[in-house]
Every structure is written in C-alpha cells, then in structure tokens.
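Okay, structure first, notes after.
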Amino acid sequence: KNSSVNPNETAEKRIFQKIDSDAYGMIKDLEISEVKQIDSITFEATHTFTNPMLEKKLRIKRNYIFYSTKLDSIVEKVDLKTEMESQGEWVDF
C-alpha cells in the first residue's frame, strides 16, 4: 500500500473545512473545483456555493496559506476573484 499523501488532497480537505467553519456550516452545496499548489504552504483554490442570504451562486478563487508544510492549519486566506452567477454566466462581484 502506498502511504504517500497527496498534498493537494490534504489541502483541499483543510480548505473545505475552513470554508465550512467560516460559514458556520450554513453552506449546503460547497464544491471545490480546483486546487493548485503554488509553493510548499500556499494553495490556490476555486470553490462554488450558493450564498443563503443572496440566494445566488458564487464562485471564489483565493489563496490559502498554511502554517507549515504539514498542512494542518490555514493561517491566512487572500481573495483573488469573486464572481456571481447571473443569467447563466459568471460575472465579477
């Protein structure tokens, strides 16, 4: 059995947990569509979800900076792009 852990999978799990906890679990359809490793502790992730207040689907791309290469905790997040779905298209929000 290969015991090596894919850092993208670990990062994606932590990112999902971070978004979920930041939203107090109120996001029902959270989906992470892409995770890209930038350096040893920085990952760029794109995720979509429906904002319960706006009742609109949002897509957010942001960088998540982890405390260490263990990828156990996220210390910072930087929004790169926020879009809202309108008339079937993604528009800047």
Interatomic spacing from [atom1] in [X] to [atom2] in [Y] - rounded to 0.5 Å:
X: Asn51; Y: Met26; atom1: CG; atom2: CE; answer: 8.0 Å
X: Asn6; Y: Lys13; atom1: CG; atom2: NZ; answer: 12.5 Å
X: Ile15; Y: Lys18; atom1: CD1; atom2: NZ; answer: 11.0 Å

Check side chain to side chain contact (heavy atoms under 4.5 Å, CB included) between [X] and all other residues, then give those that pass, not counting sequence neighbours.
X: Lys28; result: none
X: Ser21; result: none
X: Glu76; result: Ile65, Val78
X: Ser68; result: Lys70, Asp72

Next item on the list: Please report the shortest heavy-atom distance between Val35 and Ala11, naming the atom on each side.
Entry: CG1-CB, 4.5 Å
Item checked: Smallest separation among heavy atoms of Leu71 and Pro7, with atom names -> CD1-O, 3.6 Å
Next item on the list: Go through the structure and list residues passing salt bridge (Lys or Arg N to Asp or Glu O under 4.0 Å) with Lys77, not counting sequence neighbours.
Entry: Asp22
Next item on the list: Return the set of residues passing salt bridge (Lys or Arg N to Asp or Glu O under 4.0 Å) with Asp20 (not counting sequence neighbours), or none when no residue passes.
Entry: none
Check: Applying ring-ring contact (aromatic ring centres under 6.0 Å, His included), which residue pairs with at least one partner in residues 6-45 are found, sequence neighbours left out?
Finding: Phe43-Phe66
Checklist line | Transitive ILVMFWY side-chain link Trp90 to Met84, under 4.5 Å | finding: no
Check: Quick one: side-chain hydrogen bond (donor to acceptor under 3.5 Å, both in side chains) partners of Thr50, sequence neighbours excluded?
Finding: Asp29
Next item on the list: Could you walk me through whether Ile32 and Thr46 pass side chain to side chain contact (heavy atoms under 4.5 Å, CB included), step by step?
Entry: CA-CA 6 Å; Ile32 298 178; Thr46 301; over 6 Å; no
Note to self: For residues 31-43, which residue pairs pass the salt bridge (Lys or Arg N to Asp or Glu O under 4.0 Å) check, not counting sequence neighbours?
What the structure shows: Lys36-Glu44
Extract all donor-acceptor atom pairs below 3.5 Å that involve side chains of residues 53-64 and protein atoms in other chains or at least two apart in sequence.
| unit_1 | atom_1 | unit_2 | atom_2 | d |
| --- | --- | --- | --- | --- |
| Arg59 | NE | Glu83 | OE1 | 2.8 |
| Arg59 | NH2 | Glu83 | OE1 | 3.0 |
| Arg62 | NE | Asp79 | OD1 | 2.7 |
| Arg62 | NH1 | Tyr64 | OH | 2.9 |
| Arg62 | NH2 | Asp79 | OD1 | 3.3 |

